[in-house]
Amino acid sequence: MSVKFKKLSSFNRGILFELLTDAYSFDRRYEQSSISDWQDCDNFFFDHLQIADKYAFITTVNDEPIGFVVWDPRNMPEYAEIGHNCIASKHKGNGYGKIQLQEAVNRISQNDVKKIIVTTNDDLNPAQRMYESVGFTMYQKRRNENSADFIEEFIDYVYFLLNVKVFTYILLKHKRLSQAVILWLKGWSLLSFHSKS
């Protein structure tokens, strides 16, 4: 299977809405409570393709769109926030969500950003496992204040990015510490290398 990440401008308006509707089809309450938000998301990105092609992508398998992820860069460098992201129902359980999320983290981390945040619902256990498997840490649980909504709690996750400039400064400033860290990294690389062979 050939997984590729493509610009939104390569697709027609409605693809984000279609993928979200399919991905959440396991529980129609999501569609009932989120349909206008999903449509707004699709409209925004297709009305602003220059933003879409920089802060979103569609994941394809053998040229079939199977998922997407979008993120909000407006609070960078403090943080970037991952918004909607999903995998179509028939492709769930094959690791594509993790591959897609890792690609988003890689793209976001190319900017000078301190952390990435994302929020999910308390009943979406596969999403929680996926975020944690990529390196996100649960930051907090929040009660949903919207009593008309069926979701009881939101879970906020955070992924801290190591600032290379700060790390280098610390290593140079603390020579003794830097020698220990370099030895540790060398040992870790050797262990990683040996465990792969």
Quiz item: Would you find a donor on one side and an acceptor on the other, under 3.5 Å apart, between the side chain of Thr120 and the backbone of Ile155?
Solution: no
Practice problem: Any pair with a residue in residues 57-70 that passes salt bridge (Lys or Arg N to Asp or Glu O under 4.0 Å), sequence neighbours left out, goes on the list, sorted by first then second residue, please. | Solution: Lys6-Asp63, Glu64-Lys90
Quiz prompt | Those residues that, when tested against Asn111, pass side chain to side chain donor-acceptor pair (under 3.5 Å) (two or more places apart) | solution = none
Quiz item: In Å, rounded to the nearest 0.5 Å, how long is the span from CD of Gln110 to CG of Leu161?
Solution: 11.5 Å
Exercise. Not counting sequence neighbours, which residues clear side chain to side chain contact (heavy atoms under 4.5 Å, CB included) with Pro126? List them please.
Key: Arg129
Quiz item: Can you list the residues that meet the side chain to side chain contact (heavy atoms under 4.5 Å, CB included) rule with Asn94, with sequence neighbours excluded?
Solution: Tyr96
Exercise. Check the surroundings of atom CZ in Phe46: do more than 12 heavy atoms from other residues, nucleotides or ligands lie under 6.0 Å from it?
Key: yes
Quiz item: Mind checking what makes side chain to side chain donor-acceptor pair (under 3.5 Å) contact with Asn106, not counting sequence neighbours?
Solution: Gln102
Exercise. Look only at the side chain of Gln128 and the backbone of Asn121, and say whether a donor-acceptor pair between them is shorter than 3.5 Å.
Key: yes
Quiz item: Who passes side chain to side chain contact (heavy atoms under 4.5 Å, CB included) against Asp40, sequence neighbours left out?
Solution: none
Quiz item: Please walk me through it: do Gln100 and Asn85 pass side chain to side chain contact (heavy atoms under 4.5 Å, CB included)?
Solution: CA-CA 9 Å; Gln100 175 176 273; Asn85 64 97; 4.2 Å; yes
Quiz item: Nearest heavy-atom pair of Val113 and Ile108: which atoms, and what distance?
Solution: CG1-O, 3.6 Å
Quiz prompt | By side chain to side chain donor-acceptor pair (under 3.5 Å) - contacts of Glu103 (at least two apart) | solution = Arg107
Exercise. Please test Met130 against Leu101 for side chain to side chain contact (heavy atoms under 4.5 Å, CB included), starting from the C-alpha separation and ending with a verdict.
Key: CA-CA 8 Å; Met130 177 189 62; Leu101 181 61; 4.1 Å; yes
Quiz item: Going by heavy atoms in the side chains, are Tyr157 and Glu132 under 4.5 Å from each other?
Solution: yes
Exercise. Using the test side chain to side chain contact (heavy atoms under 4.5 Å, CB included), find all partners of Asp53 that sit at least two apart in sequence or belong to another chain.
Key: Lys7, Leu8, Ser9
Exercise. Please assess Ile117 against Asn75 for the test side chain to side chain contact (heavy atoms under 4.5 Å, CB included), listing each intermediate value before the final yes or no.
Key: CA-CA 11 Å; Ile117 61 172; Asn75 293 300; over 6 Å; no
Practice problem: Rounded to the nearest 0.5 Å, what's the gap from NE2 on His91 to SG on Cys86? Could you check? | Solution: 11.5 Å
Quiz prompt | Between CZ on residue Phe68 and OG1 on residue Thr60, distance to nearest 0.5 Å | solution = 14.5 Å
Quiz prompt | Donor-acceptor under 3.5 Å (Asp42 side chain, Gly14 main chain) | solution = yes
Quiz prompt | Distance in Å, Lys54 NZ paired with Trp71 CH2, rounded so as to fall on 0.5 Å steps | solution = 10.5 Å
Quiz prompt | Pairwise side-chain contact, Val118 with Tyr139, heavy-atom cut-off 4.5 Å (strictly under) | solution = no
Exercise. Work out which heavy atom in Ala88 is nearest to a heavy atom in Leu19; give both atom names and the distance.
Key: CB-CD2, 4.2 Å
Quiz prompt | Residues in side chain to side chain donor-acceptor pair (under 3.5 Å) contact with Glu78, at least two apart in sequence or another chain | solution = Lys114
Quiz item: How long is the gap from CD1 on Ile66 to OG on Ser89, to the nearest 0.5 Å?
Solution: 11.5 Å
Quiz item: Residues in salt bridge (Lys or Arg N to Asp or Glu O under 4.0 Å) with Asp37, at least two apart?
Solution: none
Quiz prompt | salt bridge (Lys or Arg N to Asp or Glu O under 4.0 Å) contacts touching residues 13-23 (sequence neighbours left out) | solution = Arg13-Asp47
Quiz prompt | Asn144 vs Glu153, side chain to side chain contact (heavy atoms under 4.5 Å, CB included): CA-CA, chis, key distance, verdict | solution = CA-CA 5 Å; Asn144 183 0; Glu153 282 187 322; over 6 Å; no
Quiz item: Between atom CZ of Phe11 and atom CZ of Phe45, what is the distance when rounded to the nearest 0.5 Å?
Solution: 15.0 Å
Quiz item: Is the shortest distance from a Lys or Arg side-chain nitrogen in Arg142 or Asp156 to a carboxylate oxygen in the other one below 4.0 Å?
Solution: yes
Quiz item: Are Ile116 and Tyr79 close enough that some pair of their side-chain heavy atoms sits under 4.5 Å apart?
Solution: no
Quiz item: Residues two or more places apart in sequence or in another chain: which of them pass ring pair (Phe, Tyr, Trp, His ring centres under 6.0 Å) with Phe136?
Solution: Tyr131, Tyr159
Quiz item: Does a sphere of radius 6.0 Å around NZ in Lys92 hold more than 12 heavy atoms from other residues, nucleotides or ligands, not counting ones at 6.0 Å or beyond?
Solution: yes
Quiz prompt | Close side-chain approach of Phe5 to Ile99, heavy-atom, < 4.5 Å | solution = yes
Practice problem: Flag yes if more than 12 heavy atoms outside Glu152 fall under 6.0 Å of its CD atom; otherwise flag no. | Solution: no
Quiz item: Where is the tightest heavy-atom contact between Pro65 and Ile58, given as atom of each residue plus distance?
Solution: CB-CG2, 3.8 Å
